[in-house]
Amino acid sequence: MSEILKSSQKMNALKENVEIFLPENGLEQKLEQAERENRKLVIKLGFDPTAPDLHLGHAIVLKKLKQFQDLGHRIVIVIGSFTARIGDPTGKNKSRPPLSKEDVAVNAQTYVNQLSKILDVSRCEIVYNSDWLDTLQLSEMIQLLSKVTVAQIMHRTDFSKRFQENTPIAMHELFYPIMQGFDSVKIQADIEMGGTDQLFNCTMGRQLQETEGMSPQIVMCMPLLRGTDGHEKMSKSLNNIIGLTDEPNEMFGKIMSIPDTLLPDYLQLVTDFSQAEKQEWLEKLAQGENPMTLKKAIALNVIGQYHNEAEAMKAQEFFAQRFQSKTFQEKNFTPVSLQELEGIESEVTVIDLCKLLLQNESKANLKRLIEGGGVTVNDEKVLGAQEKIKLETATKIKLGKRHYFELV
RNA sequence: GGGGAGAUUCCAGAGCGGCCAAAUGGGACGGACUGUAACUCCGUUGUAGUGAUACUUCGCAGGUUCGAAUCCUGCUCUCCCCA
């Protein structure tokens, strides 16, 4: 029995929050293999440098990588600088604007910065797949393509679904999984990680490695975290993410706004709690504990991870004051200096004031907000966009659910 | 290569010469209720304007008409069937 396998506890930790192992006992095999050959495993994580905002969904995978990193294995981050130009087929059928080299470089850098929230980046190997894909000859490409059948590619649910629904599939999209698989060949990956949506792409790596006479990588897929809307997977383009770099107050609010049905998932996947603590929480819930209590605990825990405990406490207080206090006057208002509201008379219309405070909103939109009863000034609802109000200090203004200002 | 269908506002999807800034549903936003949860109910959902209204929008470019998302021509793209 190997040293590592002796510790079943360690093994359990490595397996926690992994939804799919391919093959099922692959991890054990790889660890034994590594030990036998007296080397460290190469663990691959790929990403598209398109939307470099990492969120709690990514964190699940990154934490898993971190565990392996702590055991001394080699973490190889493959930046899809070439494949980004193809675009991972999403079924959304939106043609992606091609990224320039500069875009890729900038995105990759911000990505790496964010990785450092979880991983020790100095001990990660970061490679760009354009390094080998840019120079790939057509003949080599065809050689590669000959290893894969159409039936296999169409097996990917995304493709078969679109095909059945008569939505377009461009030829180049079919190449994406093959490219990704080729990356695994190039870096000689032992393990590839990703979300469950990456299962197909990752298995491509296994197949291609085998045809190259390599021992195929194993695949570990983490569950997909659902976003703040409670339904769709967390994704920047769906605008439902909680970003790793979000401000504490922002994070707190977003976590408080997730539907209760997501709580067990969040408890399990995004918190630092021990299994025992998680179990305890679930029991409390079952006994009728207000889910809000757990939500707060999760929020505190998460902010503790990505900021620190003091910030977390501050965010909780902020939240309580601004959103949970019952009376208008007690709420927490963001100060806005009167001087900063450049060149205004002492009296303005409500609509103009709103525009100054929320410059990104169109006036038509703000007008609707006012007429819909979403604007309150000094505890009084203002329904006329043209009403004049005096600009004086201590004027308190609420715009919609989330924006609170006080003139100072 | 041949034949047919189609491209509509965030999405799905009606409209097929004026009553169309464009039905309906979803989403989003706001309000009431609440725990920034869910449920339910109500309102809003192109931009600018106090308003009358003006402007931009129905794949792209032209044309017919007093008037076009709606008709015509060309182009681009998609789907289906046949080869």
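Predicted model only: the values in this text are computed from it and were never measured. For the numbers below, each heavy atom of this structure counts, side chains included, while hydrogens, waters and symmetry mates do not.
Note on A/Glu361 versus A/Lys355: no salt bridge recorded, every NZ/NE/NH1/NH2 to OD/OE distance being 4.0 Å or above. Using a 4.0 Å cut-off between a side-chain N of Lys or Arg and a carboxylate O of Asp or Glu, A/Lys186 and A/Glu212 do not qualify as a salt bridge. Note on A/Asp190 versus A/Arg74: no salt bridge recorded, every NZ/NE/NH1/NH2 to OD/OE distance being 4.0 Å or above.
Among the protein residues, A/Lys398 comes within range of the sugar-phosphate backbone only, with heavy atoms under 4.0 Å from sugar or phosphate atoms but none that close to a base. Among the atoms of the strands shown, only primed sugar atoms or phosphate atoms (P, OP1, OP2) are found under 4.0 Å from some heavy atom of A/Gly400. At a threshold of 4.0 angstrom between heavy atoms, the contacts of A/Asn166 are confined to the sugar-phosphate backbone, with no base atom among them. Within the 4.0 angstrom heavy-atom criterion, no nucleotide atom of any strand lies near A/Lys254.
Whole-Å rounding puts the A/Asn360 CG to B/C29 P distance at 16 Å. Here the C1' atom of nucleotide B/C29 and the CG atom of A/Asn365 are 8 Å apart, to the nearest Å. Summarising the geometry, the separation between CD1 on A/Ile258 and P on B/G35 is reported as 17 Å, rounded to the nearest angstrom. The distance between atom CG of A/Asn290 and atom P of B/U36, rounded to the nearest whole Å, is 10 Å. For A/Glu165 and B/G13, the CD to P distance is 10 Å, given to the nearest whole Å. The interatomic distance linking A/Lys381 (NZ) with B/G30 (P) rounds to 13 Å, in whole Å. As rounded to whole Å, 13 Å separates atom P of B/G31 from atom CD1 of A/Ile370. The nearest whole Å value for the distance from the CD atom in A/Glu371 to the P atom in B/G43 is 15 Å.
Here the separation of B/A22 from B/U56, taken at their C1' atoms, is 14 Å to the nearest Å. Annotation: B/C58 and B/G2 have their C1' atoms spaced 31 Å apart (nearest Å). Rounded to the nearest Å, the gap between the P atom of B/C81 and that of B/G15 is 25 Å. Separation of the C1' atoms belonging to B/A38 and B/G46 is 33 Å when rounded to the nearest angstrom. Distance noted for atom P between B/A12 and B/U44: 24 Å (whole Å). Between B/U9 and B/G59, the two P atoms lie 8 Å apart (nearest whole Å). Taking atom P on both B/G3 and B/U8, the two are 25 Å apart, rounded to the nearest angstrom. On the C1' atoms, B/U64 is 14 Å away from B/U70, given to the nearest whole Å.
Annotation: of the two residues near RNA chain B, A/Gly373 and A/Lys363, the 5′-most nearest-nucleotide partner is A/Gly373. Residue-to-nucleotide proximity on RNA chain B shows that, of A/Met292 and A/Leu399, the 5′-proximal contact is made by A/Leu399.
Remark: the A/Asp229 side chain and the B/G27 base include no donor-acceptor N/O pair separated by less than 3.5 Å.
If you check B/A61 for Watson-Crick or wobble pairing at under 3.5 angstrom, you find it paired to B/U73. Base pairing of B/G1 is made with B/C82, judged by Watson-Crick or G-U wobble geometry with both donor-acceptor distances under 3.5 Å. With both pairing distances under 3.5 Å, B/G17 is matched to nothing as a Watson-Crick or G-U wobble pair. Nucleotide B/G27: paired with B/U45 (Watson-Crick or G-U wobble, both distances less than 3.5 Å). B/G67 makes up no base pair with any nucleotide shown, lacking Watson-Crick or G-U wobble contacts both under 3.5 Å. Pairing for B/A38 is absent, with no Watson-Crick or G-U wobble pair whose two atom distances lie under 3.5 Å.
Neither OP1 nor OP2 of B/G46 sits under 4.0 Å from any side-chain N or O of A/Lys367. Within the 4.0 Å cut-off from OP1 or OP2 of B/A37, not a single side-chain nitrogen or oxygen of A/Ser257 is found. For B/U78, the OP1/OP2 oxygens have no side-chain nitrogen or oxygen of A/Thr167 closer than 4.0 Å. Residue A/Arg368 places at least one side-chain N or O closer than 4.0 Å to OP1 or OP2 of B/U47.
Note that the CD atom of A/Glu247 and the CD1 atom of A/Ile303 stand 10.5 Å from one another [nearest 0.5 Å]. With rounding to the nearest 0.5 Å, the separation of CE in A/Met204 from CD in A/Gln217 is 10.5 Å.
Atom NZ of A/Lys296 has more than 12 neighbouring heavy atoms from other residues, nucleotides or ligands inside a 6.0 Å radius. Remark: A/Phe163 CZ is loosely packed, at most 12 non-hydrogen atoms of other residues, nucleotides or ligands lying under 6.0 Å away. More than 12 heavy atoms of other shown residues, nucleotides or ligands fall within 6.0 angstrom of atom NZ in A/Lys147.
Partner of A/Asp183 under the side chain to side chain donor-acceptor pair (under 3.5 Å) criterion, chosen from A/Thr83, A/Asn201, A/Asn129: A/Asn129.
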Determine all donor-acceptor pairs shorter than 3.5 Å in which one atom belongs to a side chain in residues 376-392 of chain A; sequence neighbours excluded.
from: A/Asn378; atom 1: OD1; to: A/Lys396; atom 2: N; distance (Å): 2.8

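A/Lys63 and A/Leu269 get closest at one heavy-atom pair: NZ-O, 4.3 Å. Of all non-hydrogen atoms in A/Leu65 and A/Ile75, the two that sit nearest each other are O-CD1, 3.6 Å. Closest approach of A/Cys221 and A/Gly195 over heavy atoms only: SG-O, 3.7 Å.
Annotation: proximity of residues 317-331 of chain A to RNA chain B (heavy atom, distance under 4.0 Å) is found for A/Phe319, A/Phe323, A/Gln324, A/Lys326, numbered in ascending order. For RNA chain B, no neighbouring residue in residues 263-271 of chain A is found when judged by any heavy atom under 4.0 Å.
Residue A/Lys401 places its side chain closer to B/G30 than to any other of B/G30, B/A48, B/G35. Of the candidate nucleotides B/A37, B/G35, B/U50, B/U50 has the atom lying nearest to any side-chain atom of A/Gln386.
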